[in-house]
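These notes concern the structure reproduced below.
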Amino acid sequence: MRVSADAGENASMPIGVVLEIAGSSSQIALDLQRLNECSEDADPSVALAGQVGSQIKIRVGDSWLLASVRTQKKDARNKDGIIASIDFLGEGEQEKLTHRIHGFRRGVTRYPIPGALVYPATSADLRQIYASDGRSSVQIGTVFPTEDIRAGLYIDSMLGKHFALLGSTGTGKSTAAALILHRICDAAPNGHILMIDPHGEYAHAFKGNGMLLDVSNLQMPYWLMNFEEHCEILLTATGNDRQVDADILAKCLLQARAKNRLAEGMGKITVDSPIPYLLSDLTNILQTEMGKLEKATSTAPYQRIRSKIDELKADPRYQFLFSGMLVGDTMAEFIAKIFRMPTEGKPISIIDVSGVPSDVTSTVVAVLSRLVFDFAVWGREERTRPILLVCEEAHRYVPNEKNADGSSVGRILSRIAKEGRKYGISLGLITQRPSDLAEGVLSQCGTIISMRLNNDRDQSFVKAAMPEGARGFLDSIPALRNRECIICGEGVSIPIRVSFDDLDEMRRPASEDPSFTELWRANGNGDEEAVFRTVSRWRAQGR
């Protein structure tokens, strides 16, 4: 005859037995009546015991093994039984008096045998498991299903091996990104963070502790571009003609760079050397080279490059890049400005590329990303400080093979993903379409923070990138509420489901969806003036 457990005793009484052990995943049998008794327990962790996504523990000698429940199905041979698949997360010692877990660590050294008893994990157990192990961490929310256990991210482990923040539109992804970056800035006020913001959302969130750069004040010198980036902007031909144009541009660009006094003192320079040159010098050299041609040779390649340069110089949209004011050697000042060296209380620079003409946006992002990489490579002797590069809408810049357009930004970000950590560069990718990301790049991210993903392809893509022990958590990705996420990988001790903290209004990005009903119900007074103001900004191509 069964004795019913009182609330509080539930944690000390078994809820099932181990049926089968198989490496990382195994099967257990759960008692339905015991699960019903646990469901009324005051401890929320015990109340969820045995449910999909919950944690259970199994005793092995003097240790406890912690596992996550992945699936449940009815036991065909026992009407009160449930068969569940579990994933082992790690193990810890058993406290002699309280029988709780302590000294928790990832991985399993000794597996249980079939017939071993299964117990619910309590909030006290989870507090021990999720407690920081002394490494530097930032707290971002509360561990589900508890109400008071804080969820922390280990900064060094997360940034040292890159991270990705994923989530469908409307799940609170931008606010989550702002929250994580604010917590990192608060913990490391002398950090160096560079964020590419394609929609101009984050300027509002980082007014107090960030440097905000857009087309009005970025002033990125055109001569910082390497040869490949020059080709993307200046060459318009396709096919065989493009190679002819590229050869001519390489020859003339090298001559233009060599005219600078800096080049004279350096001896040998290449077409990629970031040495200032005058656009007028480049067009004059093109003209001179064209004059040397024999009659039979076509002048069309020279004309194409010249007319493109003249077009860019005359177009006010490109002033942030091709202004005549940007000829001086401002490379050190520009890098110090965008990398926040010195920090001056503003460790993050938000680069708003929403005002950059769409045909050069990816090249501008490529230049900024390459500057991060090259600065780290050439600064190895200096023991320079690490830099975090955060890329919003990352699928635009590092697309998968199907959508690849061969642009330089995809190559440099892929290179940072593969080699960046050797040089002290951390990459943070934020995207709503992980399946459109280059597969190799997501697999390089040691920490994955996944909010709700509605698309099947995205879900399966993320599952493939996650470590084996986190698969049970991943099944709950479609069922996550807004501002909830699953975190797994290097940044956490074990995979966790987290409810994000609220962020102050002042620190949130300007990414709120407009309310159609409210705005359409409102009186239309002032609409006409708003149209005139919008049109004047539109014509001036200014914000």
Side-chain angles (χ1 to χ4, degrees), residues 137-144 150-153 155 158-159 163-189 191-214 216-217 340 343 345-355 388-396 426 428-433 447-454 480-487 491 496-519 522 543:
S137 65
V138 291
Q139 295 189 342
I140 55 163
T142 312
V143 176
F144 179 88
R150 301 292 290 150
L153 284 170
I155 303 179
M158 180 175 91
L159 300 186
F163 70 93
L165 172 59
L166 319 169
S168 294
T169 304
T171 54
K173 192 169 70 281
S174 301
T175 309
L179 170 70
I180 292 167
L181 291 174
H182 272 304
R183 295 287 153 88
I184 291 172
C185 289
D186 293 346
H192 307 285
I193 304 171
L194 177 69
M195 181 175 211
I196 310 291
D197 176 10
H199 301 305
E201 298 179 312
Y202 292 90
H204 179 265
F206 291 95
K207 274 179 188 164
N209 59 348
M211 176 88 174
L212 313 176
L213 299 165
D214 57 19
S216 66
N217 63 349
R340 310 306 307 129
T343 311
K346 297 190 172 183
I348 185 167
S349 58
I350 305 290
I351 300 189
D352 174 5
V353 294
S354 60
L388 167 59
L389 173 64
V390 183
C391 197
E392 171 73 90
E393 297 276 355
H395 58 275
R396 281 192 193 183
S426 178
L429 301 175
I430 305 170
T431 179
Q432 63 209 24
R433 291 307 307 268
T447 305
I448 293 180
I449 304 165
S450 180
M451 303 180 80
R452 189 174 69 249
L453 289 165
N454 301 327
L480 291 171
R481 295 175 297 200
N482 281 3
R483 297 184 46 254
E484 269 193 350
C485 71
I486 305 283
I487 308 177
I496 50 175
R497 179 171 168 180
V498 175
S499 297
F500 282 116
D501 288 341
D502 277 331
L503 200 54
D504 294 343
E505 186 68 41
M506 290 292 295
R507 295 186 132 201
R508 281 185 211 158
S511 57
E512 290 287 309
D513 294 332
S515 166
F516 283 73
T517 48
E518 270 182 41
L519 293 170
R543 302 210 137 214

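Since we're looking at a predicted model, the values are computed, not measured.
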Discussion item. Main chain of Phe500, side chain of Arg483: is a donor-acceptor contact present, judged purely on distance under 3.5 Å?
Written reply: yes
Worksheet item: Would Glu392 and Ile350 count as a side chain to side chain contact (heavy atoms under 4.5 Å, CB included) if you check the C-alpha gap in whole Å, the side-chain angles of each, and the deciding distance to 0.1 Å?
Response: CA-CA 11 Å; Glu392 171 73 90; Ile350 305 290; over 6 Å; no
Worksheet, complete the sentence: Residues passing the side-chain hydrogen bond (donor to acceptor under 3.5 Å, both in side chains) test with Ser499, sequence neighbours excluded, are Glu484
Discussion item. I'd like to check the side-chain hydrogen bond (donor to acceptor under 3.5 Å, both in side chains) partners of Ser450; sequence neighbours left out, ordered by chain and number.
Written reply: none
Worksheet item: If you round to the nearest 0.5 Å, how far is CG of Leu181 from CG of Leu165?
Response: 9.0 Å
Worksheet item: Can any side-chain N or O of Asn482 pair as donor or acceptor with the backbone N or O of Arg452 at less than 3.5 Å?
Response: no
Practice prompt. Kindly give the heavy-atom pair with the smallest separation between Thr343 and Gly191, and that separation in Å.
Written response: OG1-O, 3.7 Å
Practice prompt. Would you sort out whether Met211 and Phe206 count as a side chain to side chain contact (heavy atoms under 4.5 Å, CB included), showing the intermediate values?
Written response: CA-CA 8 Å; Met211 176 88 174; Phe206 291 95; over 6 Å; no
Discussion item. Restricting to non-hydrogen atoms, name the atom on Ala178 and the atom on Leu503 that form the minimum distance, rounded to 0.1 Å.
Written reply: CB-CD2, 3.9 Å
Worksheet entry | Closest non-hydrogen atom pair between Tyr202 and Ala177, with its separation | OH-CB, 3.7 Å
Worksheet, complete the sentence: What one should report as the nearest heavy-atom pair of Thr447 and Met158 is OG1-CA, 3.7 Å
Worksheet item: For the side chain of Asp352 and the backbone of Ser354, is there at least one donor-acceptor N/O pair under 3.5 Å apart?
Response: yes
Worksheet entry | Residues Arg150, Asp501: salt bridge by 4.0 Å N-O rule | yes
Practice prompt. Could you grab the distance from atom CG of Asp197 to atom NE2 of His199, nearest 0.5 Å is fine?
Written response: 8.0 Å
Worksheet, complete the sentence: Nearest heavy-atom approach of Val498 to Ile487 is CG2-CD1, 3.9 Å
Worksheet item: Do Leu388 and Val390 touch side chain to side chain, with heavy atoms closer than 4.5 Å?
Response: yes
Worksheet, complete the sentence: d(Ile486 CD1, Met451 CE) to nearest 0.5 Å is 11.0 Å
Practice prompt. Output yes when a side-chain donor or acceptor of Arg183 lies under 3.5 Å from a complementary backbone atom of Gln139, and no otherwise.
Written response: yes
Practice prompt. To the nearest 0.5 angstrom, please state how far the OG1 atom of Thr175 sits from the CD atom of Glu201.
Written response: 8.5 Å
Worksheet item: Considering residues at least two apart in sequence or located in another chain, which fulfil the side-chain hydrogen bond (donor to acceptor under 3.5 Å, both in side chains) criterion with Arg340?
Response: none
Practice prompt. Determine the minimum heavy-atom distance between Pro198 and Arg396, stating which atoms define it.
Written response: CB-NH1, 3.7 Å
Worksheet item: Got Leu453 and Thr171 here, is their nearest side-chain heavy-atom distance under 4.5 Å?
Response: no
Worksheet entry | Euclidean distance, Ile184 CD1 relative to Leu159 CG, rounded to 0.5 Å | 5.0 Å
Discussion item. Can you tell me how far apart CD1 (Ile193) and CG (Asn209) are? Round to the nearest 0.5 Å.
Written reply: 8.5 Å
